[in-house]
There are 2 protein chains.
Amino acid sequence: MPTRKPEPTPTEPPKPVRLTRAQRTAILKALSDPKRFELLETIARSQCPLGCTAAHEALSIAPATLSHHIKELQTSGLIDVRREGKFAFLSIKPGVLEALSTYLQSLSPAGCPTR
Amino acid sequence: MPTRKPEPTPTEPPKPVRLTRAQRTAILKALSDPKRFELLETIARSQCPLGCTAAHEALSIAPATLSHHIKELQTSGLIDVRREGKFAFLSIKPGVLEALSTYLQSLSPAGCPTR
DNA sequence: ACATCAATTCGATAGTTGTCGAAACGTCGA
DNA sequence: TCGACGTTTCGACAACTATCGAATTGATGT
């Protein structure tokens with residue numbers, strides 16, 4: 001196969017991201033820490049690639065702690081970390097939160113309203 | 001104001017359950033434990049009021065541990081516990097998972113596809 | 001009243017983890 | 001090459017928590 005792109009994907013079909021049980025629990029554990037969740041919110045609210053220094057200022061924690069939380073979010077598959085020379089940029093990995101969200105919603109009670 | 005019900009609500013409009021930040025973190029912490037999440041799944045999949053003994057058989061944990069997890073899910077606002085004589089019945093509190101799910105989805109990146 | 005059973009509470013233990021200072025690493029500019 | 005800076009790793013500590021056995025509470029049936 002030479003330089004032949006298999007798909008041009010002009011409008012980019014949003015593939016639906018399937019989560020395993022292990023991934024689900026990993027993600028939930030990653031989200032369970034308040035500081036970490038706040039970090040994720042900060043990344044989400046900013047324009048996607050958030051500088052690491054900006055994050056350090058937004059939350060008030062030591063650099064070591066921030067690095068730890070970043071790694072935790074990364075290994076759980078929630079964010080992408082792009083390194084550009086000295087800096088690191090954080091962005092939310094698309095589809096993961098949606099997948100979790102969908103699964104959580106599927107657990108909702110069909111009937112049984114407080115009965 | 002005498003005995004005047006403000007609303008008869010014949011078809012039961014599903015009120016949308018607003019979550020505070022504290023509630024969100026409490027819920028996420030409650031969901032972060034695998035056994036606890038499995039318990040919630042078990043409650044969800046069963047017909048809503050799940051017997052406590054059935055839960056103890058589904059997961060394989062000591063009664064004391066199960067009781068602890070039940071209390072944890074209850075105080076976080078995820079489930080209701082109805083006591084009937086000797087027994088306890090667990091049911092998912094309606095609206096809470098939906099509210100969390102909606103909030104998580106609102107954090108998804110608008111643009112910035114891996115860029 | 002008593003025994004039985006479901007569920008909870010208590011106390012203890014082992015494992016996990018959030019936090020940070022100090023040191024190390026890698027990059028950039030002078 | 002050197003120093004400054006952003007980030008990570010290391011080591012340690014404190015707090016939290018999942019787990020369980022034993023004891024307790026509360027309800028039910030005999």
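Treat the numbers as computed from the prediction; the structure is a model and nothing was measured.
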Step by step, work out the side chain to side chain contact (heavy atoms under 4.5 Å, CB included) result for B/Leu31 and B/Leu78. CA-CA 9 Å; B/Leu31 292 177; B/Leu78 274 168; 3.7 Å; yes
Spacing of [X] atom [atom1] relative to [N] atom [atom2], expressed in whole Å:
X	N	atom1	atom2	answer
B/Glu57	C/dC5	CD	C1'	14 Å
B/Arg82	C/dA7	CZ	C1'	16 Å
B/Glu72	D/dA18	CD	C1'	10 Å
A/Ile70	C/dC20	CD1	C1'	16 Å
A/Lys71	D/dT7	NZ	C1'	11 Å
A/Leu66	C/dG21	CG	C1'	16 Å

Taking the minimum atom-to-atom distance to the side chain of [X], which one of [options] wins?
X	options	result
A/His68	C/dT19, D/dA18, C/dA7	C/dT19
A/Arg83	D/dC10, D/dG21, D/dT7	D/dT7
B/Lys86	C/dT8, C/dA6, C/dT27	C/dA6

side-chain hydrogen bond (donor to acceptor under 3.5 Å, both in side chains) test vs B/Ser101 passes for just one of A/Ser101, A/Ser106, A/Ser108, namely A/Ser101
Given side chains that start at C-beta, do those of B/Ile70 and B/Leu39 come closer than 4.5 Å, heavy atoms only? yes
Do the side chains of A/Ile61 and A/His69 get nearer than 4.5 Å, heavy atoms only? yes
Phosphate OP1/OP2 of C/dG18 contacted by A/Thr65 side-chain N/O (<4.0 Å): no
Ignoring backbone atoms, establish whether B/His69 has a side-chain N or O less than 4.0 Å from OP1 or OP2 of D/dT19. yes
Looking at five pairs on each end of the helix from C/dA1-D/dT30 to C/dA30-D/dT1, what is the angle between the two axes, given to 10 degrees? 20°
Base, sugar-phosphate or nothing for B/Ala64? Non-hydrogen atoms, less than 4.0 Å. base
Quick one: is the NZ or CZ of A/Arg24 closer than 6.0 Å to the six-membered ring centre of A/Tyr103, and within 45° of its axis? yes
Neighbours of DNA chain D within residues 22-35 of chain B, by heavy-atom distance under 4.0 Å: B/Lys29, B/Asp33, B/Lys35
Using side chain to side chain contact (heavy atoms under 4.5 Å, CB included), reason through B/Val17 and B/Glu98 one step at a time and then give a plain yes or no. CA-CA 8 Å; B/Val17 180; B/Glu98 289 89 335; over 6 Å; no
Measure from the side-chain N and O atoms of B/Ser76 to the backbone N and O of B/Ile27, and report whether any donor-acceptor pair falls under 3.5 Å. no
